Structure formats: C-alpha cells, structure tokens
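What follows is a set of notes on a single structure, which appears directly below.
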Amino acid sequence: MRITRALRFGIGALAIAVVATGCGGGDSKSAAQHAADGKLTVGIKYDQPGLGLRNKDGSFSGFDVDVATYVAGKLGVKPENIQWKEAPTPQRETLIQNGQVDYIVGTYSITDQRKEKVDFAGPYFIAGQDLLVRADNTDITGPDTIKGKKVCSVKNSTPAQNIEKNYKEAQLQTYDTYALCVEALKAGSMDAVTTDNIILAGYAAQSPGQLKLVNKPFATEKYGIGVKKGDKESRDKINDAIEAMISDGSWKTALEKNTAGTGFAVPQPPTVDRY
C-alpha cells in the first residue's frame, strides 16, 4: 500500500511539474491565430524616443509602435487589444521562440544569423549606422575618427558587432540598452554612442543643445518584423500589411510625425522582401 501511494504521489508530482513547465513560455498559437481571436502580444522597445518609447503616463509612442499598430489593424486587432511587451535586444529571439510575443517591431535588423532562429517580414525601414556625440565634440566626425575613443552600443546588437569587427581600434563598451549608453555619453564616461541614425536622431531630439548626430552613416540595416520560425502564414499577412502601409501613405505620415524637428530626412520606403 505504501509503495502504491508513493508511486501515485510521484506520478502526480511529475504531471504537475510537466504542466507547470509547459505553461511557462507562452503558447503554440501563431500570430495569425491569435489575431483571429482578437488579441495580440507585440514586442517593442521601451527606451527609444521616436521609435518605441514607454511614456510617463504608461502609453507608448514612436514609429515602430505605429507600424506595429497598423499591422495589428490589418490583422483585425484593435489598438486596445494589443498587449505591449518590452523586447530588449538580447532577448528578442527568445521571446519569439517561447511564444511570449506574436511579433516584434523593435529596430530589429534582419541578419542571416538571426534568420536561423526566427523569420522576418519586411523590411519596413532601412537605417544607416551613425554616431551620437556631445554637442561640443569636434574630434569625432565619422567612423574613421573613433580610434581610441570610448564608443557605446548595446550588447549583441548589429551595430556593436560592426564596430567590433571593422573598427577594432575603438574602445567598444556594451550596455543592455541605448538609454544607458546615452546617459553615459552625457556624463562624459563615453565619447560616442553608435547605432542606427533614426534611433540616434530620437535621442538627439530629446536632449537639444546637449547631443548631436554626426550624420555620417557607415552601414545600412534592414528593419524587419520578427515572427516565429516557419510561420509563413503570419509572415505573409504582415508583409501584406507593410505594403499597404507604404502604399496608402500611412508609412510616410508616421515617419514624419515621429522624426519632426530632428533634421532627419525621410527616405524612400523599402521594397518588401518576400523570400
């Protein structure tokens, strides 16, 4: 009797453990399936002014937020039924793979390495890597002048990898967020921050008279919308939405609104890559 009870207890505990483990990482439904249910969980950045920013009142704003909202609308989901989730650069693939988000619109550069883990719709924007410096800085005028300089970027980001690979004489420092890099730049502990020009333009606009964009792009990045690997249905529907946003003028309107006053020149829209 004792053996039977112990065995039953052990099986029961194992079943509970399996259920608990299965519930930890989200569910197996695709983005399109969740949209059909009327709700979506979307990953964005919380700390990038002009792109993905959590405001003091708890609302969200920026070009990426507008793109994500437009896409959700085309999938049949109203703005009030979008649950926003922070998607820091080092965690993006994990969030998608675990089903914690349906898709991510967070300055997410399309790379071959990332395509091994997730799929991308888009691109919805093509950015150029640039440098942000203090307004009184005259030493740094482009990537060829960062030798020996303390340059900050986000760990595991494409811009950081570019500096590490192609500008080895710069002193690269990596933080978890660009906001931390910008604070270090303001404090004088960093000489420059590097990432995509549209991101840096937002930070420059947030600190007028303190920071400036060098305006010498030296690499291009294609921003895509990340979805679960193999989820062709969702990717195709999101691609349709991106093309619709470009063709009906909403893309340009959103970009102009979110970069107003930064001196950022709105580029031509990209061509969606239906690989």
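Quick note: residue numbers are just sequence positions, from 1. As the structure is a prediction and not an experimental result, all values here were calculated from the model.
Within the 4.5 Å cutoff, side-chain heavy atoms of Leu255 are placed close to those of Phe125. Residues Leu200 and Thr195 meet the side-chain proximity criterion, which asks for heavy atoms closer than 4.5 Å. Between Pro143 and Tyr167, the closest side-chain pair of non-hydrogen atoms falls below 4.5 Å. Using a 4.5 Å heavy-atom cutoff, the side chains of Glu164 and Thr174 are not in contact. Side-chain atoms of Pro269 and Met245, non-hydrogen and from C-beta on, never get closer than 4.5 Å to each other. The shortest distance between side-chain heavy atoms of Lys74 and Ile238 does not fall below 4.5 Å. Contact annotation: the side chain of Leu211 approaches that of Lys186 to within less than 4.5 Å [non-hydrogen atoms, C-beta and beyond]. Residues Gln48 and Tyr203 are in side-chain contact: their nearest non-hydrogen atoms beyond the backbone lie under 4.5 Å apart.
Smallest separation of non-hydrogen atoms from Asp119 and Arg235: OD2-NH1, 3.3 Å. Closest heavy-atom contact between Gly38 and Asn81: O-CB, 3.3 Å. Residues Gly209 and Ala135 come closest through the heavy atom pair O-CB, 3.4 Å.
Every pair passing side chain to side chain donor-acceptor pair (under 3.5 Å) that includes a residue from residues 242-253 is listed here, sequence neighbours excluded: Tyr70-Asp248, Glu243-Arg274, Asp248-Ser250.
In the model, Thr94 has no side-chain atom that pairs as donor or acceptor with a side-chain atom of Lys117 under 3.5 Å. For the residue pair Asn156 and Thr89, no side-chain donor N or O sits within less than 3.5 Å of a side-chain acceptor on the partner. Side chain to side chain, Tyr108 and Glu93 meet the donor-acceptor criterion of an N or O pair below 3.5 Å.
Under the 4.5 Å side-chain contact rule for hydrophobic residues, Val101 and Ile225 do not share a cluster. With hydrophobic clusters built from ILVMFWY side chains whose heavy atoms lie under 4.5 angstrom apart, Ile246 shares a cluster with Val71.
Heavy-atom contacts from other residues, nucleotides or ligands closer than 6.0 Å to NZ of Lys147 number 12 or fewer. Few gaps surround NZ on Lys212; more than 12 heavy atoms of other groups in view lie less than 6.0 Å from it.
Partner Gln129 forms a side-chain hydrogen bond (donor to acceptor under 3.5 Å, both in side chains) with one of Asn162, Thr220, Asn197, Asp196 and no other, that one being Asn162. Lys45 pairs in a side chain to side chain contact (heavy atoms under 4.5 Å, CB included) with only one of the listed residues (Asp64, Val65, Thr107), which is Thr107.
When atom types are taken as modelled, the side chain of Arg134 and the backbone of Leu185 share a donor-acceptor pair closer than 3.5 angstrom. The closest donor-acceptor contact from the side chain of Asn258 to the backbone of Ala254 lies under 3.5 Å.
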Asp273/Lys222 under side-chain contact (heavy atoms from CB on, under 4.5 Å): CA gap, chis, key distance, verdict: CA-CA 10 Å; Asp273 180 14; Lys222 293 182 177 181; 5.5 Å; no
Derivation of the side-chain contact (heavy atoms from CB on, under 4.5 Å) call for Thr111 and Gln161: CA-CA 12 Å; Thr111 68; Gln161 292 168 4; over 6 Å; no
Stepwise side-chain contact (heavy atoms from CB on, under 4.5 Å) test for Arg92 and Arg114: CA-CA 10 Å; Arg92 289 180 298 201; Arg114 288 170 178 165; 3.2 Å; yes
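In terms of the ring-ring contact (aromatic ring centres under 6.0 Å, His included) criterion, residue partners of Tyr46 (sequence neighbours excluded) are, by chain and number, Phe60.
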